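Protein chains get the first letters and strands the later ones, always in sequence-line order, with residue 1 at the start of each. Everything numeric in this text was worked out from a predicted model, so none of it was measured.
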Protein chains: 2
Amino acid sequence: MPLERAEALKLLAGVPFGRIVFTSRALPAVRPVNHLLLDDTVVIRTHDGAALSGAVGAEEGVVVAYEADAIDPVTRLGWSVVVTGYARPVTDPDQLARYREVLHPWVAASMDHTVAIRPDLVAGFRLTAEADG
Amino acid sequence: MPLERAEALKLLAGVPFGRIVFTSRALPAVRPVNHLLLDDTVVIRTHDGAALSGAVGAEEGVVVAYEADAIDPVTRLGWSVVVTGYARPVTDPDQLARYREVLHPWVAASMDHTVAIRPDLVAGFRLTAEADG
């Protein structure tokens with residue numbers, strides 16, 4: 001069952017982490033990361049050495065996908081949301097300070113890059129009981 | 001804390017679903033899907049209309065990433081495993097029959113494509129208590 005954009009973003013905002021999907025050296029790459037939905041963007045922090053930092057280091061940004069889900073392995077019910085859009089490093093000092101104050105990475109290491117993903121496309125679905133094949 | 005290949009594959013095999021990551025029309029794409037680890041490959045089923053079917057329809061296969069994780073949002077402990085490798089449609093009739101017998105898609109619809117992902121690269125890590133930043 002497809003989800004409306006507003007509902008999909010609300011579900012995404014309600015969970016603490018998801019998975020960022022990008023291209024690294026021409027290969028598909030994916031990393032779990034915690035997020036917040038702030039200023040209508042998905043905000044994450046990533047560490048210096050992460051492949052993602054290179055990918056989104058460019059000022060013009062790169063297109064990434066960001067996925068979050070909550071699926072119960074027993075009932076097989078739940079939802080998945082995928083946001084696709086430009087990821088850009090946050091460079092404005094005030095914005096950066098605010099994001100860093102509220103978003104604390106779960107993985108230690110110097111999380112020097114704060115990245116904002118603009119949800120240009122939002123797709124989501126619910127797994128419902130009758131969809132259980 | 002990085003994981004050894006064997007341990008990472010064991011963790012992946014121990015959960016019922018993950019997320020397939022691929023490129024669709026030059027954009028990064030990701031879909032949750034249930035899986036089994038059979039014959040040293042990650043086996044999934046996908047439905048006819050899925051973007052993935054097009055991507056892995058080619059006989060030579062395409063490189064995809066497959067991610068599974070189990071992260072507790074409260075304790076922030078858990079693990080994540082990413083397999084990267086060639087995804088190929090399973091076409092051998094005996095193999096196909098066997099895979100279809102044991103792997104039942106969670107999403108209804110005609111799940112006509114059975115896909116095997118060879119784990120050429122296996123990367124994983126554990127989130128440990130001291131890594132909690």
Side-chain angles (χ1 to χ4, degrees), chain A residues 1 14-24 26-34 45 47 51 55 62-85 87 104-111 120-121 123 125-133, chain B residues 1 14-24 26-34 45 47 55 62-85 87 104-111 120-121 123-133:
Chain A
M1 199 177 74
V15 295
F17 73 96
R19 295 132 203 112
I20 179 133
V21 170
F22 55 105
T23 302
S24 176
L27 289 177
V30 51
R31 303 265 186 285
V33 64
N34 55 313
R45 288 174 67 179
H47 60 83
V62 291
V63 176
V64 303
Y66 191 79
E67 192 265 357
D69 57 48
I71 300 172
D72 185 315
V74 177
T75 63
R76 299 179 179 187
L77 301 180
W79 55 268
S80 166
V81 168
V82 178
V83 159
T84 308
H104 302 282
W106 290 6
V107 179
S110 57
M111 288 290 182
D120 296 315
L121 296 173
F125 66 86
R126 268 187 205 282
L127 289 166
T128 54
E130 64 270 33
D132 186 354
Chain B
M1 198 178 72
V15 295
F17 73 95
R19 294 131 204 115
I20 179 132
V21 171
F22 56 104
T23 302
S24 176
L27 290 177
V30 52
R31 302 265 186 286
V33 64
N34 56 312
R45 287 173 68 180
H47 61 83
V62 290
V63 175
V64 302
Y66 192 80
E67 192 264 359
D69 56 48
I71 299 173
D72 185 315
V74 177
T75 63
R76 299 180 179 186
L77 301 180
W79 55 267
S80 166
V81 168
V82 179
V83 159
T84 308
H104 302 282
W106 289 6
V107 179
S110 57
M111 288 290 182
D120 295 316
L121 295 173
F125 65 86
R126 268 188 205 281
L127 289 166
T128 53
E130 63 270 31
D132 186 355

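With sequence neighbours excluded, the residues satisfying salt bridge (Lys or Arg N to Asp or Glu O under 4.0 Å) with B:Asp120 are B:Arg118. A:Phe125 pairs by the ring-ring contact (aromatic ring centres under 6.0 Å, His included) definition with nothing, not counting sequence neighbours.
Atom CZ of B:Arg19 and atom CZ of A:Arg19 lie 3.5 Å apart (nearest 0.5 Å).
The choice from A:Thr84, A:Ile71, A:Val82, A:Val15 that makes the most heavy-atom pairs within less than 4.5 Å of chain B is A:Ile71.
Only the side chain of A:Pro16 comes within contact range of chain B, judged by heavy atoms closer than 4.5 Å. With a 4.5 Å cut-off on non-hydrogen atoms, A:Val30 touches chain B through its backbone and its side chain both.
Across all their heavy atoms, B:Trp106 and A:Leu127 have their closest contact at O-CD2, 4.3 Å. Residues B:Ala29 and A:Val21 approach most closely at O-CG1, 4.0 Å, considering heavy atoms. When every heavy atom of A:Asp69 is checked against every heavy atom of B:Pro32, the shortest pair comes out as OD2-CB, 4.3 Å.
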